[in-house]
Amino acid sequence: MPSMKAIKRRITSVNSTQQIMKAMNLVAASKLQRAKAQLNSVRPLYIGMLELMESFDSNSDAAEHIFFRKREAKNIAYLVVTGDRGLCGGYNLNMGKEAMALIGSKAGTREHIVVVGAKGNDYFRRRGKNVIRRFTTMADSASVEDAEQIAKLLTGLFVSGEVDEVHIAYTHFETILSHEPRTRKLLPLGGDSAVPGGEVIYDPGVQDFLDYAVPMYLSTVIYGAMVESGVCEQAARMTSMDAAARNAEEIIDDLTLVYNRKRQGAITQEITEIVSGANAIQ
């Protein structure tokens with residue numbers, strides 16, 4: 001049975017931890033608001049670029065472009081967006097599991113993993129996966145330049161023939177309490193069914209237009225995925241820190257109750273000893 005002094009030390013320790021959790025909750029809430037504003041500004045462009053590329057599914061000229069041409073998938077690149085830090089519940093673990101499920105579904109192929117976030121890099125390294133590049137300073141504050149750098153890397157791998165497909169795994173944000181891991185094929189472009197649309201004339205031509213548009217599309221989608229994942233990370237961290245602070249409050253209450261009972265017991269014992277001594281003198 002712990003002594004009153006030990007219980008008092010533990011109460012002080014848990015109280016200090018609770019203050020840290022509350023501070024981290026406030027920091028995450030502040031970062032979440034900034035990240036949500038960033039996401040709201042990029043989402044219209046992100047959705048517009050997706051719709052633009054989908055419109056080429058029915059274009060026969062686009063089908064001959066290198067970014068639309070289908071290949072036998074033997075080497076596949078995976079861009080996985082995670083966080084640099086923990087204390088955000090199952091955010092990083094869930095993303096790792098989703099990426100591993102995608103890799104597992106491509107049996108017989110060789111993976112080439114590009115990771116955004118230190119946690120994702122640790123996750124795949126521990127499992128012996130082929131991580132060819134890691135970016136560990138972009139998860140918290142993604143920029144367009146960062147996305148362009150990653151897009152250039154993946155485009156180079158695809159155009160050179162080192163990889164036959166490119167996929168991205170990120171976390172989609174719905175609400176503060178609702179966010180889920182998702183995957184999307186980035187390259188080659190084009191769906192299995194044609195999307196009907198009006199006839200569009202491209203000047204100087206479809207091929208030249210796609211040479212310019214596809215790199216911009218990749219940068220936009222990657223940037224959008226990084227921003228969206230950042231919002232989810234901060235939302236998960238804020239929720240986790242709030243739950244941790246409330247758990248700490250419950251622990252403090254329980255320890256305080258135990259401390260008060262022991263203190264009351266000690267006082268009762270002292271009174272009993274005094275009364276017994278007084279009776280013995282009489």
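At a threshold of 4.5 Å between non-hydrogen side-chain atoms, the residues L39 and Y46 do not count as touching. The shortest distance between side-chain heavy atoms of I132 and L157 falls below 4.5 Å. Side chains of M241 and L87 form a contact here, defined as non-hydrogen atoms less than 4.5 Å apart. Looking only at side-chain heavy atoms (C-beta outward), K97 and Y123 come within less than 4.5 Å of each other. Looking only at side-chain heavy atoms (C-beta outward), L50 and R184 come within less than 4.5 Å of each other. Taking 4.5 Å as the limit, some side-chain heavy atom of L153 sits within range of a side-chain heavy atom of R133. The closest side-chain heavy-atom distance from V116 to R134 is not below 4.5 Å. Side-chain atoms of P188 and R71, non-hydrogen and from C-beta on, never get closer than 4.5 Å to each other.
The backbone N or O of T171 lies less than 3.5 Å from a partner atom in the side chain of S229, making a donor-acceptor pair. Of the possible polar contacts, none joining the N92 side chain to the A118 backbone as a donor-acceptor pair under 3.5 Å is found. Counting only distance, with no hydrogens or angles, the side chain of T82 and the backbone of G120 share a donor-acceptor pair below 3.5 Å. Here the side chain of S105 pairs a donor or acceptor atom with the backbone of L102 at under 3.5 angstrom. Using modelled atom types, no side-chain atom of Y91 and backbone atom of G86 make a donor-acceptor pair closer than 3.5 Å.
We find the CG-CG distance between N121 and D84 to be 10.0 Å, quoted to the nearest 0.5 Å. Rounding to the nearest 0.5 Å gives a distance of 11.0 Å between NE2 of H179 and CD of Q234. Here K262 contributes atom NZ and N260 contributes atom CG; the two are 12.0 Å apart, rounded to the nearest 0.5 Å. Atom-to-atom distance recorded for N15:CG and I251:CD1 is 12.0 Å, nearest 0.5 angstrom. The CD1 atom of I47 lies 12.5 Å from the OG1 atom of T220; values are rounded to the nearest 0.5 Å. Expressed to the nearest 0.5 Å, how far CG of L93 lies from CE of M100 amounts to 11.5 Å.
A cation-pi arrangement is absent between R10 and Y259, since the terminal nitrogen or guanidinium carbon is not both under 6.0 Å from the aromatic centre and inside a 45° cone about the axis.
In this structure, I222 is not a member of the same hydrophobic cluster as V80, with clusters built from ILVMFWY side-chain heavy atoms closer than 4.5 Å. Linking ILVMFWY residues whenever their side-chain heavy atoms come closer than 4.5 Å, directly or via other members, places F68 and I66 in the same cluster. Cluster annotation: M21 and L26 are assigned to distinct hydrophobic clusters (Ile/Leu/Val/Met/Phe/Trp/Tyr, side-chain heavy-atom contacts under 4.5 Å, transitive). Put simply, F124 and V81 are part of two different groups of oily side chains (I, L, V, M, F, W, Y) that touch within less than 4.5 Å, one to the next. Residue L186 is not grouped with residue V144 when hydrophobic side chains (ILVMFWY) are merged at heavy-atom distances under 4.5 angstrom, including chains of intermediate members.
Scanning all heavy atoms of the two residues, the minimum distance from S240 to G89 falls at OG-N, 3.0 Å. Here the shortest heavy-atom pairing between P44 and N40 reads CD-O, 3.3 Å. Closest approach of K22 to A245, counting heavy atoms only: CG-CB, 4.0 Å. Closest heavy-atom contact between M49 and A213: CE-O, 3.9 Å. Here the closest heavy-atom approach between residue G224 and residue V42 is recorded as CA-CG1, 4.4 Å. Listed here is the closest heavy atom pair of T183 and A169: CG2-CB, 4.0 Å.
Using a 4.0 Å cut-off between charged side-chain N and carboxylate O, K152 and E148 make no salt bridge. Salt-bridge check for D122 with R126: failed, with every basic side-chain N at 4.0 Å or more from each acidic carboxylate O. Between E228 and R43, at least one side-chain nitrogen of the basic residue sits less than 4.0 Å from a carboxylate oxygen of the acidic one, meeting the salt-bridge criterion.
Evaluated for a side chain to side chain contact (heavy atoms under 4.5 Å, CB included) with L218, the options I150, L187, L79, V166 yield exactly one hit, L187. Checking each of H167, E98, E111 against I103 for a side chain to side chain contact (heavy atoms under 4.5 Å, CB included) leaves exactly one that passes, namely E111.
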When you look at E233 and R237, which way does the salt bridge (Lys or Arg N to Asp or Glu O under 4.0 Å) test go after all the steps? CA-CA 6 Å; E233 180 184 358; R237 181 169 292 113; 3.0 Å; yes
Please assess S13 against R9 for the test side chain to side chain donor-acceptor pair (under 3.5 Å), listing each intermediate value before the final yes or no. CA-CA 6 Å; S13 175; R9 280 200 304 265; over 6 Å; no
Residue pair V258, I7: steps toward the side chain to side chain contact (heavy atoms under 4.5 Å, CB included) verdict: CA-CA 8 Å; V258 173; I7 295 173; 3.6 Å; yes
For side chain to side chain contact (heavy atoms under 4.5 Å, CB included), just list the numbers for E72 and D164, CA-CA rounded to whole Å, side-chain angles, deciding distance to a tenth of an Å, and then say yes or no. CA-CA 7 Å; E72 181 183 358; D164 305 303; over 6 Å; no
Please lay out, stage by stage, how N75 and H112 fare under the test side chain to side chain contact (heavy atoms under 4.5 Å, CB included). CA-CA 7 Å; N75 295 276; H112 303 262; 3.1 Å; yes
Might you work through the side chain to side chain contact (heavy atoms under 4.5 Å, CB included) test for Y78 and K106, ending with a clear yes or no? CA-CA 11 Å; Y78 302 91; K106 304 291 184 179; 3.2 Å; yes
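More than 12 non-hydrogen atoms from other residues, nucleotides or ligands lie less than 6.0 angstrom from CZ of R127.
In the model, Y223 has a side-chain atom that pairs as donor or acceptor with a side-chain atom of Q38 under 3.5 Å. For the residue pair D146 / S143, a side-chain donor-acceptor distance below 3.5 Å is found, with atom types taken as modelled.
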